[in-house]
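Below is one structure, written out as structure tokens, with a few remarks after it.
These numbers come from a predicted model, not from an experiment.
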2 protein chains.
Amino acid sequence: MTTPPRVTIKDVAARAGVSKGAVSLAFNHKPGLSDATRDRIFEAARELGWAPNLAARSLSSRRVDVVGLAICRPAKLLGLEPFYMEFISGVESVLTEHSCSLLLRLVRTVEEEVGLQDSWWRGKQISGSILVDFRADDPRVAAVDRLGMPVVAVGHPSLTGGLTSVWTDDATAVTEAVRYLAALGHRRVARVGGAAALGHTAIRTAAFDEAARVLELAGAWQVATDFSGDAGARATRSLLTAAPADRPTAIVYDNDIMAVAGLSVASEMGLSVPGDVSLLAWDDSQLCRLTHPTLSAMSHDVHGFGADVARTLFGVITGDGAGSHPVPTPVLTPRGSTAPPRG
Amino acid sequence: MTTPPRVTIKDVAARAGVSKGAVSLAFNHKPGLSDATRDRIFEAARELGWAPNLAARSLSSRRVDVVGLAICRPAKLLGLEPFYMEFISGVESVLTEHSCSLLLRLVRTVEEEVGLQDSWWRGKQISGSILVDFRADDPRVAAVDRLGMPVVAVGHPSLTGGLTSVWTDDATAVTEAVRYLAALGHRRVARVGGAAALGHTAIRTAAFDEAARVLELAGAWQVATDFSGDAGARATRSLLTAAPADRPTAIVYDNDIMAVAGLSVASEMGLSVPGDVSLLAWDDSQLCRLTHPTLSAMSHDVHGFGADVARTLFGVITGDGAGSHPVPTPVLTPRGSTAPPRG
DNA sequence: GCAGTTGCCTATACCGGTTTAGGAGTGCGC
DNA sequence: GCGCACTCCTAAACCGGTATAGGCAACTGC
């Protein structure tokens, strides 16, 4: 175990024959140095293998290049949910451009998240945060207001208080989904929704009811789940056990996993998809093209969503005109799992 | 936009009527303070809403409570791969106990990762790192040696140089998988492997060949992919288009996604699973229980794996006896997708 | 030829904690 | 009454950067 060299800015300055300040200027690409000196400094730093100590830098410059993201869902579900990794990769793609890092934490409850964001912010560990999975009367709104921390809330403005928000128009998307199924001729439609506590679930639920009313569907069921495949399977099984004349002929799911599970339940029950029942997934990850039949889905660009959120966060942090805005509404991508009902 | 209060240790000290040092002692739970003073300090901090500035802390105490993790796979694949999120959640579960955070970054190449780890470490941003997805002659081994950075390498010791490693015994697992299929009566077996560049893929490939040799199988095919569902589907299609007497009667996949894709290809080709062909997945995420038939799989505790890795990293960082060790070998979990071959 | 500007660089005071050496008060033994 | 140990606390020197005021030439304009 050799003792590490501990090379600091002073060593670099000495080696290059300049002052600490000069090295600082060079490494922050600020004007006031001749090209020759600049080169000499970089050369010295390279030889010594020096990189600025970020703790020291953020202490004196009072800025950090880190943003936070806390996700509050059971670990088991997260692994399966393609949404998050794709979202994160979108966020990352923008952070990287700004040489900014992502501090990630999985939490169990919103309260825990509030505590975490609080200590991240007060500990000056992050320069801002991305808030996801809003619920009604979300405690994070007040907490963030109190802290004055820059954030972007991923969720409909009706849920996110006055926070800068980026959201998908779930109501319109649900309406489009139901309209499409109705246009195919379906009169009995069900929806297997996500966690009831989440705000966007409530929005989708209301939109579904409204669409069913407007379209005068003969039957419209909704059931809440925890987003897991198991729950999706259970819900599907329960929906499809009704007598053929009473059961739904089409089911909309709130994510891809549950739709995959639903597909397998239908097959297990000897029902053909889309012959006996049409299935419509949500998010449209690659998974939807891996099943047989392939899954029709409400499709959106999750990677781009994440990137947009990150860009907006930078806007909030720097203070220039970052406004709340929706991202493009998910569009229907018909594949093999939807068709007109039999008969 | 109200100007933030900027409360520091000095304010807390003043309010509690003590020195900065006393506040520091209190917040680090060190001895040398009366209970009364301690209480007064915490009370003052609470009233002012103060939390120590972590940059300042790590600058003077030269320790940070952050560990790094860079993942080098195309974003599109990551989203679908249940492995990582589960792994991360396992890592997190241990980090949280130590109030340590995870710095996550998705990178495109190993070279990029080397640069990243380098700047993380030299910038004193992390106290150690988790290295995954080793390949033959991995440049990270030398880089980490040079830096003297504490790491845990997730990969077989044959790949990770002298680095402290935690690994799954892929060779044994592959052998068990092949043995099981052979025991069922399969004589023509294929394997749809992962990225050829990855070390563990090579290990599995070699083990598969060896097992096929020992068991004197009549046919043993292997094909490398990029882990994506599409690639898995293509590989499966190509394997199954041979004449019935020549094609494999069982296929082992290197992850769950490709197995799901394979299942759908079989169904699309009118082949029954497991009647015409047996399918065996790898990792055993929840996905394996969502298909019809359910997927037999080589199953392991990915969450526990991540937790083990994190614990080992703490051992390396603190210097106490953290040794390389394997985690439990994946075990075969038979479900509905494997059976004796027809006839 | 002299003030004014400009370009390049240094000295030094921070940032907000931790960590030392040491001081003030108390209790104890003798 | 004095030395000694012990408890509780303070003052001040760090940590490794950034920011800022200012110094010194050389060049400009007139």
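Using a 4.0 Å cut-off between charged nitrogen and carboxylate oxygen, B:D65 and B:R63 count as a salt-bridge pair.
Close to C:dG17, at under 4.0 Å from its OP1 or OP2, lies a side-chain N or O of B:W50. Applying the 4.0 Å criterion to OP1 and OP2 of C:dG16, one finds that A:R62 has a side-chain N or O inside that range. Taking side-chain N and O atoms only, B:R57 has a distance below 4.0 Å to OP1 or OP2 of C:dT18. In this structure, B:S24 reaches the C:dT18 phosphate: one of its side-chain N or O atoms is under 4.0 Å from OP1 or OP2. Between B:N53 and the phosphate of C:dC15, there is no side-chain N or O to OP1/OP2 separation shorter than 4.0 Å. OP1 or OP2 of C:dT19 sits under 4.0 Å from a side-chain N or O of B:K30.
Whole-Å rounding puts the B:R63 CZ to C:dT18 C1' distance at 11 Å. The NZ atom of A:K124 sits 8 Å away from the P atom of C:dG16 (whole-angstrom rounding). Distance CG (A:L59) to P (C:dA13): 17 Å, rounded to an integer number of Å. B:L54 places its CG atom 9 Å from the P atom of C:dG17, with the value rounded to the nearest Å. Counting to the nearest Å, the P atom of D:dG16 and the CZ atom of A:F27 are 16 Å from each other. In this structure, NZ of B:K10 is placed 13 Å from P of D:dA12, rounded to the nearest angstrom. Going from atom CG of B:N28 over to atom C1' of C:dT20 covers 15 Å, rounded to whole Å.
Of the candidates D:dC15, C:dT19, D:dA19, the closest approach to any side-chain atom of B:S60 belongs to D:dC15.
Ring geometry for A:F27 versus A:W50: interplanar angle over 60°, hence perpendicular rather than tilted (30 to 60°). Note: A:F83 and A:F87 have parallel aromatic rings, judged against thresholds of 30 and 60 degrees for the angle between ring planes.
Distance CG/B:D35 to CZ/B:R38: 6.5 Å, rounded to 0.5 Å. Rounding to the nearest 0.5 Å gives a distance of 9.5 Å between CG of A:L131 and OG1 of A:T160.
Applying the side-chain contact (heavy atoms from CB on, under 4.5 Å) test between B:V67 and each of B:S127, B:P150, B:S101 identifies B:S127 as the sole match.
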Pair B:D11, B:R6 - check salt bridge (charged side-chain N to carboxylate O under 4.0 Å, His left out), show working. CA-CA 9 Å; B:D11 304 314; B:R6 289 220 133 275; over 6 Å; no

Report each atom pair, protein N/O against N/O of nucleotides 9-11 of chain D, whose distance is under 3.5 angstrom.
from   : atom 1 : to    : atom 2 : distance (Å)
D:dC9  : OP1    : B:S34 : OG     : 3.4
D:dC9  : OP1    : B:T37 : OG1    : 2.2
D:dC9  : OP2    : B:S34 : N      : 2.7
D:dC9  : OP2    : B:S34 : OG     : 3.4
D:dC9  : OP2    : B:T37 : OG1    : 3.2
D:dT10 : OP2    : B:S19 : N      : 2.9
D:dT10 : OP2    : B:S19 : OG     : 3.0

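The terminal axes of the helix from C:dG1-D:dC30 to C:dC30-D:dG1, fitted over 5 pairs per end, subtend an angle of 40° to the nearest 10°.
Side chains of A:H325 and A:D308: a donor-acceptor N/O pair is present below 3.5 angstrom, by distance only.
The shortest side-chain heavy-atom distance between A:I71 and A:L104 falls under the 4.5 Å cut-off.
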